[in-house]
Structures are given as structure tokens and as C-alpha cells.
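In what follows, every heavy atom counts, from backbone to side chain, and hydrogens, waters and symmetry copies are set aside. Please read all numbers here as calculations on a predicted model, not as lab measurements.
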Amino acid sequence: MTRLTPVAAAAFLCLTACPSGDGPGESICPDGQVLDAPDDGDDLGCVPAACGEGVWGSQPPPSDAVHVAPWGEDPDDGGDGSAEKPLKRLRDGMAFARDAGGVEVIASAGTYRENLQSEEADTGVVLAGRCALLSIIDGTNDELLPTHRANGGEFTMRDMTLTGGELGLRVRGGVAGNRTTVFVGTGLIIEENIRSGIFVTDPDASLDLRDSIVRNTLSAPDGSRGRGAVVQEQGSMFGSGLLFEGNRDYGLFAVMPGTRVELVDSVVRGTLARPDGEYGHGIAVGGAEFVGSGLLIQGNREVGLFIADGSTVRLEDSEVTDTLPGPLGVGGHGINAQGGSFWGSGLLVARNLAAGLLVDGGQVELHRSTFRDTRAEEATSWKGRGIFVQAGSLVADTLLLENNTQIGLLVAGADSSAELSDSIIRGTRPAADARFGRGIEVAGGGTFLGRDLLVQDNVEAGLVLREGAAELLGGRITGTQAGLTSQGGGVMVNFGTMRLGGGIAIEDNDTAGVFVGDGTALIEDAHIIGNTFAGVIAAGEVLLRMAGSSISGTRPDPGLGGGVGVFVDGAYASAQIDIELDGVSFSDLPGPAMYLMGGERIVMRDCEVTSSGTWPSLPGGVLGFEGVTTWDEADGGSGLLLEGNRFVELPADAIVLAGGQGTLAPTSAGGDNSFVGVGGAALFAQCTDGSAGAEVLDGSGADGSCRSTPRPLGPPLFFYLRLIESDVVD
């Protein structure tokens, strides 16, 4: 280490850091530094205040301490380990301390070019530097050896730097259980070593490291590794107050069954890729056990936290942020659970790429956590999901998924499932191509259960189901905006089975409330309020069952019109629509409760329609066009059947069949269809050539005959949907 004489040091400091003036009491050192006291006629100049003053620092060493200094002497030349005659080499100091039965070795400032080893006989020995910035062990003396090898016993090191070795610190236990090694470190800097800064291996090998830094580990000559810490083969590590920074390949790597790492109040950031551009993960767990608390995992590459099959990971009150892409702009996941089990609580996963959390085979449980601001993958300008369950399972509560890109939560694949409760998914934004920003998507055979969710202010859909099964109980889906290529819906079913219930509210979406196209929707105890165009749309091959629910306040779309309760588009050849409404209430609709353009089987039973049909030329109850037929019980039940419904306070007609037909019949529960306060006809059948009127089997008194003068009706409604499929497998 280069030393400055007192005069030279003072002159240098006055050029670089002296305050103006040189009056009494003014320090020549910058804030946070002190002027070092001379040792052996030499001086270090200004040093960090934490390093203390004097040769051995501010704290007096124990009376039996062994002293070591670069200017000391070998034992054969008079060095005896005293403060007056310190030893020259750390290994000699450790030998003196060992012979004394385990005492403290005090190292002054300076660089010690040695490769040290502690063994069973060193149990109780403590090696302490003046401070880590000034007391440096440089292992480049033999680059094939670690800077320090702990090969048995319990050894303590504090306030020193370990650098330059083939591994900075290696802690090795007994493979056959015949050797126990415990290394305790405090206030260490482990930097610029080769392959690994820390390497803990074998059963009965344990590292306890606190308030230390592991940084800038170098790759091996072949370009591999460069890891901050590796714990493997049933070794164990506890770390507190650590900083892993600027390492390569992995910041911390725990691997193999039986290995355990616990890390608290620590930072793992800025891990670099290997020279070939690969990896750069913050923390990787491969079949081991990892427990983390109070962590910041930030600015790493490809993956912040990687969890491989067979691993057990528990992480709480931690942040995983700002992960960078790998080579070619791919990746950037905050957490990637490829297998094993992951439990998380109190997490902030933010500003990552492609996915905040990717579950690809793992079993994940989350509580009280936030996934926000995930951005699209750089290479594709796609993805950006808050959470993506691609395989495996997710069970979570009290989550916030906010301001992610494309999809807030994606559950995709036949072996994927998610269960989410008491959570918020909102503000999902489209990617650069501005296609969609869905709140939740279930696809490719995945399954989803949501309880008491708030799905708010997303784009195109609050929830999309594309093959698979989804169930929503309670909560709200609200504020969904139309996409540029699709009107979408608060809930969209495009193949698969959707269940809605538990008092769920689907309201104030700038799209339809529920869209069912080629799928099944089972709706019970749901409230569909204030959506655009239609409360429910059925188109294609649809099975819709709706009971004990309500549709109200639907708004017309500025371009498409509408404002209806249920819109049925069964006019094209492949449509097979089976709808049964039982005990559903409709109110405050500009158009009719049901707008039917065809349909194989339409049953409306014991429903009530009030204050609807306020637009001119539209009925308030039911509008049926050509393709709607009378009920055919012998055919297993087909056509339009209206049983025991109440039509109340409608300004115009209640039911209009424009070329269509239908059957009015009583039910044992609700009795006849009834019409109270209807301003127009209870039933108006305007027949086309060859068509018959309606069939009236109840005692409502409705006139089912053909009318010669047709009612003027507004232009037919059409709802255009172009659902863009997202990728199922990354």
C-alpha cells in the first residue's frame, strides 16, 4: 500500500479536500474522515472515521492480542506479536493465537499478500483488521488457492478485505461428517476474487456473515462463473446486512438438496452477465432451501430471483425490481419459479420486464404483495405481465397488480391454476402496438378462481377466458376501456366455462358487461350495471344460464348503438345458442331486455323488466328477429319461451317479434306473463311472408296474431369483436 509522509499527505489533502481557510480547529480532512496518526514514522493521511485513529484503531485491543503489521518482523527476527514488535504475516499471528489457546489477532492497515487457512486447532481465534478498507488480504500470492480457506473449527474474521484469490472465502465441511467448520465474519469486504467471492460446501460447513460486502467477482479464465456466493452440497449460510454487487453469473447461488441459506436486510444488485452474455441472475436457488427477509434484489439480468425444481423458497418484506434483459433483449423477469415451492409475503415486484412473476412448474403462495409497472420485453415489445402462471399453481390474497403491460394476471396451460382473493388488478396498459391491456386472462385449459377482486380500469377486458375454466365470486369488474381492435367486455368468454356469482358487480365498463362467444357462462347472484352496448352478449356456440341476477343502466355505444340487457347474435350458420334466464331483473335500459337475432333455445322465466325501451321504435321487453321460433317441447325444448315474466312501466311495446316467433306460457311459480303500465302493445308480431304470429298459452291476454302494419324499428344492431390471442407458452 502506498504511504504518504505527514507533510506530503497534508499538502495533497489541501489540494483535494481541504476546507477554505486554515484557522484553528479546522480539519484538513473531508467530512467523515480523520487524519491518521503516524505509525512507525509513517502516515496514511486521511482515513474513514470508522477506521479509527492510530496504528490499531481507536479501540484498544485485548491485552493478550497478537499484533500484526506489514512493517513487523518474522518470529526469527524478533517479532513477538506485541504492539511494539508486531509480526509481519497474518499466518504467523494465527499460529501465535492458536498456541495461546485462541486469542485475537489484530492487523494494522496494510496489504497482506497471503493465502490463509484456518483449521480445527484455530477454534476460538479471531482475526480483526483495523477496518476493511485499510486491512487487506490479497490472495494473488497464489491464484490457485482461496484467499482464505476455512477447513475445520470455528474461526472469526472481522473488518478485513479478502481479494485476489481463486475464491475469496471457502468454507468446507467434512464430506463424511468427520469435520465441522464454522466461519463467522463481520464487516468484511470480499472483492475481485476469481470464480466465487464466497464458496460454502459440504455437510457441517456453516458461514455466518454480517454487515459485509461481496462485489466484483471475476469470471474464471474460461469465462464461466464469477459468482458472488455459492452454497452447495448441504452447506449452510446466514447473512445479515450484506451487499452483493457487480458479481457475474449469479449474485448468490444456493444449490442441491440439504443446502440452506438465510439472508436478511441485504441487497443483491447489479449482477453482470458472463463474458458470453448469458445469465446475470440476482439469486438462484437450485433444489436448496432459501429464506429471505428485508431484501432488495435490484438491477440484475434475465431474472431477479430464480427458483428451480426441488427448491423451497420463503421471501418476505422484500423488493425485486428493475431486472434487465438478457442477451438479445429477452427476459427480465422479477421472479421465475420453474419448480419447487415459493412462499412470499409483503413483496414489491416492480419495473421488471416480460413478467413480474413467472410460474412455470412451481407451487406459489403469495400474501400482501404488489406487482406493478412490468414493462414489455425489449426484444418483442410484448408481454409485460404482472404475474404469468404457465404451469404449476398460484394461491394468493391481498395482491395489487397495477400498471403492468398487456395482461395483469395470465393463467395459461392445461396444468396451470390460480386462486386469488381480496386483491386488485387495475390499470393494465397496452404494449407499444396498443392492442390490449387485459386485467386477467385464462387460456389454453388453465383454471382460475377469484374471490372479492377489484378488476379496474383495464383495456379491452377485465377478464378473458380462452379455453379452460374461471370462476369469479364477489368483487367488482369496472372501468374497462374498449381496445383499438375490439370492443371487448368486462368479462369475455371465448371457449371454456365461466361462473359468476357471490354478488359480483360488473359495472361502468366502456364495453359490454359480459361477452360469451363459443363458450359457457353460468351467472347467479351477479349485478351487471351501467355497461356499454349490452349487459350480456351471446354469439356463436353459447350456453348461458343466468339466475337471481340483475342487468340495469346499460348505455348505448356512440358508434354501435345498443343499450340492451342481453344481446343474442345467432344469425350466422354455426351459431348454436342456448340461453335460460330465471329470476333476472332488467331496469333502466334504453333498448329491450333481450335483443334476439336468432337462437336455438331462448327461455326467459320469472324475470321482471321495468323502465326500459326508452329509445323510440324499440320495445322494452323482448325484440326477436327472423330465426326466432315458437317453443317446441317435443323437440327437447327449442325456440323462444317466455314464462311468468313481469313487464312493468314500459313507455312503448313490451314484446316485438319482427319476423320472429315465440311462445308465451305460464309457470307454476310465477303464473302468467303480466304487463303493467305498458305504453304500447303487450305483444306485437309483425310477420314477414309465410311467417306465423306468436303462440300465446298463458292468460295474459296478449295478441299473438300477425299485424298488417309493421312497427318502425331502428337499424339492426351488430357487435364486432376481434379477440387477439396472446401467446400461451413463453
Show your working on side chain to side chain donor-acceptor pair (under 3.5 Å) between Glu233 and Thr201 and close with a plain yes or no. CA-CA 5 Å; Glu233 294 182 341; Thr201 185; 3.0 Å; yes
Quick one: side chains of residues 290-300, donor-acceptor pairs under 3.5 Å with protein atoms, not counting sequence neighbours, listed by atom name and distance.
residue	atom	partner	partner atom	Å
Gln298	NE2	Asp322	OD2	3.4
Asn300	OD1	Gly270	N	3.4
Asn300	OD1	Thr271	N	3.0
Asn300	OD1	Thr271	OG1	2.7
Asn300	ND2	Val268	O	3.2
Asn300	ND2	Gln298	O	3.4

Any Lys/Arg nitrogen of Arg225 or Asp249 sitting under 4.0 Å from an Asp/Glu carboxylate oxygen of the other?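 Salt bridge: no.
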Identify whether the distance between the nearest side-chain nitrogen and carboxylate oxygen of Asp202 and Arg172 falls below 4.0 Å. yes
Residues Ser393, Gln363; criterion side chain to side chain donor-acceptor pair (under 3.5 Å); working and verdict: CA-CA 5 Å; Ser393 68; Gln363 313 302 310; 2.6 Å; yes
Polar side-chain atom of [X] near backbone of [Y] as donor-acceptor pair, under 3.5 Å:
{"X": "Asp74", "Y": "Asp76", "value": "no"}
{"X": "Ser212", "Y": "Leu242", "value": "no"}
{"X": "Arg215", "Y": "Phe244", "value": "no"}
{"X": "Ser135", "Y": "Arg130", "value": "yes"}

State, without any angle test, whether His148 and Ser118 hold a side-chain donor-acceptor pair at a distance under 3.5 Å.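 Judged by distance alone, the side chains do pair up.
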Does a donor on one side chain and an acceptor on the other come within less than 3.5 Å for Arg368 and Ser345? yes
Over 12 non-hydrogen atoms of neighbours within 6.0 angstrom of [atom1] in [X]:
{"X": "Tyr279", "atom1": "OH", "result": "no"}
{"X": "Asp31", "atom1": "CG", "result": "no"}
{"X": "Arg375", "atom1": "CZ", "result": "yes"}

For Ile137 and Leu127, work out which heavy atoms get closest and say how close.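 Nearest pair, atom of Ile137 first, then Leu127: CD1-CD2, 4.3 Å.
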Verify whether the ring centers belonging to His281 and Phe253 lie closer than 6.0 Å. no
Is the shortest side-chain heavy-atom distance between Trp56 and His67 below 4.5 Å?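 Yes, side chains in contact.
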